[in-house]
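Have a look at the structure below, then the notes.
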Amino acid sequence: QVQLVENGGGLVQPGGALRLSCTASGSVSDIYNMAWYRQAPGKQRELLAIISRVSTTNYADSVKGRFTISRDNAKNKIYLEMNSLKPEDTAVYSCWAGTVRDVYWGRGTQVTVSS
């Protein structure tokens, strides 16, 4: 069993920056891959970035060059640094973790990009 809790969402102006974090607890030694997703109202959930335990990363084209995923295994955390934010980035951002048996989801944190 793994629990995931996101933090760092909020209101930011266009062009601004925000840093999200996700803290894992429970059977954290079973986690290999972790990722960030987002879901805007009326749209399907979108995979943004994924990171392996050895820090291999992959990004969606929509955020490549603007967002950076990172991992601190000692603290059982992943981060998403978001720069040059646009109104279309407004969504609920959720943390995901994968083990050999199961996948786990956080409950999400709201990011709103608006003046």
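- One distance of note links CG of N73 with CE of M34; it measures 9.5 Å at 0.5 Å rounding.
- Atom CD of Q1 is separated from atom OG of S27 by 7.5 Å, given to the nearest 0.5 angstrom.
- Heavy-atom minimum distance, S94 versus G108: OG-CA, 3.7 Å.
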Practice problem: Kindly determine whether Y79 and D72 satisfy side chain to side chain contact (heavy atoms under 4.5 Å, CB included), including the steps that lead there. | Solution: CA-CA 8 Å; Y79 304 90; D72 188 337; 4.2 Å; yes

Self-check item: side chain to side chain contact (heavy atoms under 4.5 Å, CB included) assessment of C95 paired with I78
Solution: CA-CA 9 Å; C95 184; I78 63 166; 3.8 Å; yes

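- Screening K75, K77, E6 for a side chain to side chain donor-acceptor pair (under 3.5 Å) with T23, the sole residue that qualifies is K77.
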Quiz item: Hey, mind stepping through S114 and L11 against side chain to side chain contact (heavy atoms under 4.5 Å, CB included) and telling me if it holds?
Solution: CA-CA 7 Å; S114 176; L11 177 64; 4.2 Å; yes

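- One hydrophobic cluster, built from ILVMFWY side chains closer than 4.5 Å, cannot hold both Y32 and V2; they sit in different ones.
- Hydrophobic cluster membership differs between L80 and W96, with clusters built from Ile, Leu, Val, Met, Phe, Trp and Tyr side chains linked at under 4.5 angstrom.
- No salt bridge links D30 with R101; every basic N to acidic carboxylate O contact stays at or beyond 4.0 Å.
- Residues F67 and W36 keep their aromatic ring centres 6.0 Å or farther apart.
- The CG atom of D89 lies 9.5 Å from the OG atom of S84; values are rounded to the nearest 0.5 Å.
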Self-check item: Residues Y93, M82; criterion side chain to side chain contact (heavy atoms under 4.5 Å, CB included); working and verdict
Solution: CA-CA 11 Å; Y93 285 70; M82 305 184 293; 3.7 Å; yes

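- Rounded to the nearest 0.5 angstrom, Q3 CD and N76 CG are separated by 11.5 Å.
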Validation: residues 45-62 side-chain donor-acceptor distances under 3.5 Å, sequence neighbours left out:
unit_1, atom_1, unit_2, atom_2, d
E46, OE1, R38, NE, 3.0
E46, OE1, R38, NH2, 3.4
E46, OE2, S62, OG, 2.7
S52, OG, V54, N, 3.3
S52, OG, S55, N, 3.3
S52, OG, T56, N, 3.0
R53, NH1, I31, O, 3.2
Y59, OH, I69, N, 2.9
D61, OD1, K64, NZ, 3.1

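- One hydrophobic cluster, built from ILVMFWY side chains closer than 4.5 Å, holds both V111 and L4.
- Nearest approach of L18 to G8, heavy atoms of both residues: CG-O, 3.6 Å.
- Of the possible donor and acceptor atoms, one in the side chain of T90 sits under 3.5 Å from a partner among the backbone N and O of V113.
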